[in-house]
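Below: one structure, written as structure tokens.
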Amino acid sequence: MSGRRRVWIATSDALTPRMAGPAIRGWQMATALAASCDVRLTTSSVCRDVTGAGFTVGPLEGAAAARALAEWCEVLVFQGSLLDDHPWLCDVDRVVVADLYDPFHLEQVEQTRDLEPTTRRRIARAGVASVDRQLLRADLVLCASDRQRDFWVGHLAALGRVNPATYDEDPTLRSLVVTVPFGLPAEPPVRSRPRLKGVVPGIDADDSVLLWGGGVYNWFDPVTLVRAVDVIRRDVPRVRLFFLGMVHPHPDVAEMRAAAETRALAERLGMVGRQVFFNEQWVRYDERADYLLDADLGVSTHHEHLETAYAFRTRMLDYLWAGLPIVCTRGDTFADLVERRGLGRAVPAGDVAALAAALRGLLTDPAERAAVRGRVAALAPDYAWPLVLAPLLDFAAAPRRAPDLLDPVLGRQLRRARRSRTPASGWRAEVGIAAEHLREGGLRRVSEKAVSRLRHVAGRSAAPDRSATG
């Protein structure tokens, strides 16, 4: 291969002016790679009102479009469900990069906690099978932290990818699994106009604003944060907590239980519109700087569970970008960084008193807050997108297939393992689902579920096209 490489980047997230983390990451990859490669960025979700700088962007509309892109590209970089939607891509002779910066199968176990057991187990199995397929096919795996890298190396070892071929090529396995954190723009943020102070009713120009810089999901713990604000509002009366985005830009992501519980608690404590504020729309990506620059602290609180241990909170990069001191919960990679580099304060999960003390301490000590801002500003350049994406840029300049996938014996074994995890479809899938319901509750449960499924299908056929209506 010679000249400019042809790279197809595929995401399952919405590509619109209001982008969430996976779409932002795909967009930044496309931007960086476009300097040296011909790049096409696609999404299997909504795509509208965005134009790439040096790369094309658009929806992935069906198998024919996917086949054309697979034929065109030399390197495929993807996130999410692409191999589930198009299993045949696993057998295409192209260099495949799986971006697993978000261990979504861990999120799913928590996210589906409120579903019935049968559905929850099926989703969990499907999530693990999806990850297995990606790891069994990838020529390169991207992750967001060294802790994640250990996690994925363990998963690869269980699947047989730590083998003589991959080990002999590189005993560190860094040619197979590479750390590429989420990044931030190389240029500092610039304010276009005020967005919070003196603009949002109830937030005055001299108030102290805590910014929750992203969505509210079940693995987070905004309830403890609201309770901590309730504690300190008596001696820090000008404290204001602003939730930046309550409605996710992906049309299929509904409001989660954590969001509803947070709203209910703030209402019950009489804090809505006084100390707690909810932004009901996702903020445009190109407008987020205004909100960040109107804040005094960036906050992020979560529960103590497995998802936390391997998460990489993308909102934290925005806090770094804006020079915001950070108050967060211990337990994830970024909390370790906050404590190690003095970027703010990290507290135990679920500890209202400790969280209240951390918030109060930073809000009432301007000298400490200024010192923390200086340390945050000094670290931010280390996470600039061009720097963190360097391993991907180097790989795209000289792409290569993983040695075990090309090995006659190992490759055959890995293909068999991968095909055993190919998602069932058509009548086989329906039979499998029916068998689960039969084991759960006999013929009555099968009948109930069949009626429910028919109603669901009828409702979907009558519903408007969400991608068209927004």
Practice item. For the pair W219 and T308, evaluate side-chain hydrogen bond (donor to acceptor under 3.5 Å, both in side chains) and give the outcome as yes or no after the intermediate values. Key: CA-CA 8 Å; W219 45 92; T308 293; over 6 Å; no
Review point. In terms of side-chain heavy atoms, does S130 have a donor or acceptor partner in D84 at a distance below 3.5 Å?
Key: yes
Exercise for review: Might you confirm whether atom CD of E304 has over 12 heavy atoms from other residues, nucleotides or ligands at distances under 6.0 Å?
Suggested key: no
Point to revise | Between Q79 and D99, a side-chain donor and acceptor under 3.5 Å | key: yes
Check your understanding: Between R193, R195, R191, which is the residue that forms a side chain to side chain donor-acceptor pair (under 3.5 Å) with D294?
Key -> R191
Study note, to complete from the structure: Which of V180, L142, T314 passes side chain to side chain contact (heavy atoms under 4.5 Å, CB included) with Y101? Answer is T314
Check your understanding: Can you tell me if S81 and S12 form a side-chain donor-acceptor pair at under 3.5 Å?
Key -> yes
Point to revise | D91, L159, L405 screened by side chain to side chain contact (heavy atoms under 4.5 Å, CB included) with R418, the one that passes | key: D91
Practice item. Scan side-chain atoms only and decide if T16 and D49 contain a donor-acceptor pair under the 3.5 Å cut-off. Key: no
Check your understanding: Quick one: is the NZ or CZ of R25 closer than 6.0 Å to the six-membered ring centre of W385, and within 45° of its axis?
Key -> no
Point to revise | Distance-only polar pair, side chains of D146 and T179, donor-acceptor under 3.5 Å | key: yes
Review point. Would W27 and F55 count as a ring pair (Phe, Tyr, Trp, His ring centres under 6.0 Å) if you check the C-alpha gap in whole Å, the side-chain angles of each, and the deciding distance to 0.1 Å?
Key: CA-CA 10 Å; W27 189 272; F55 60 91; 5.1 Å; yes
Check your understanding: With a distance cut-off below 6.0 Å to the six-membered ring centre and an angular limit of 45° from the axis, does R263 pair with F278 as a cation-pi contact?
Key -> yes
Point to revise | Residues H155 and D132: side-chain donor-acceptor under 3.5 angstrom | key: yes
Exercise for review: Would you mind telling me which of F220, F277, W282, W212 makes a ring-ring contact (aromatic ring centres under 6.0 Å, His included) with F243?
Suggested key: W212
Study note, to complete from the structure: Note: P222 and V216 closest approach over all heavy atoms is CG-CG1, 3.6 Å
Review point. Is it the case that D336 and T333 place a side-chain donor and acceptor less than 3.5 Å from each other?
Key: no
Exercise for review: In sequence, state the C-alpha distance, the side-chain angles, and the governing distance for R174 and V178, and then conclude on side-chain contact (heavy atoms from CB on, under 4.5 Å).
Suggested key: CA-CA 6 Å; R174 295 197 181 277; V178 64; over 6 Å; no
Review point. Would you say the side chains of D170 and T172 form a donor-acceptor pair under 3.5 Å?
Key: yes
Practice item. Kindly determine whether E307 and R313 satisfy salt bridge (Lys or Arg N to Asp or Glu O under 4.0 Å), including the steps that lead there. Key: CA-CA 11 Å; E307 186 275 339; R313 307 294 183 204; 3.0 Å; yes
Check your understanding: If you draw a 6.0 Å radius around CD in E71, do more than 12 non-hydrogen atoms from other residues or ligands fall strictly inside?
Key -> no
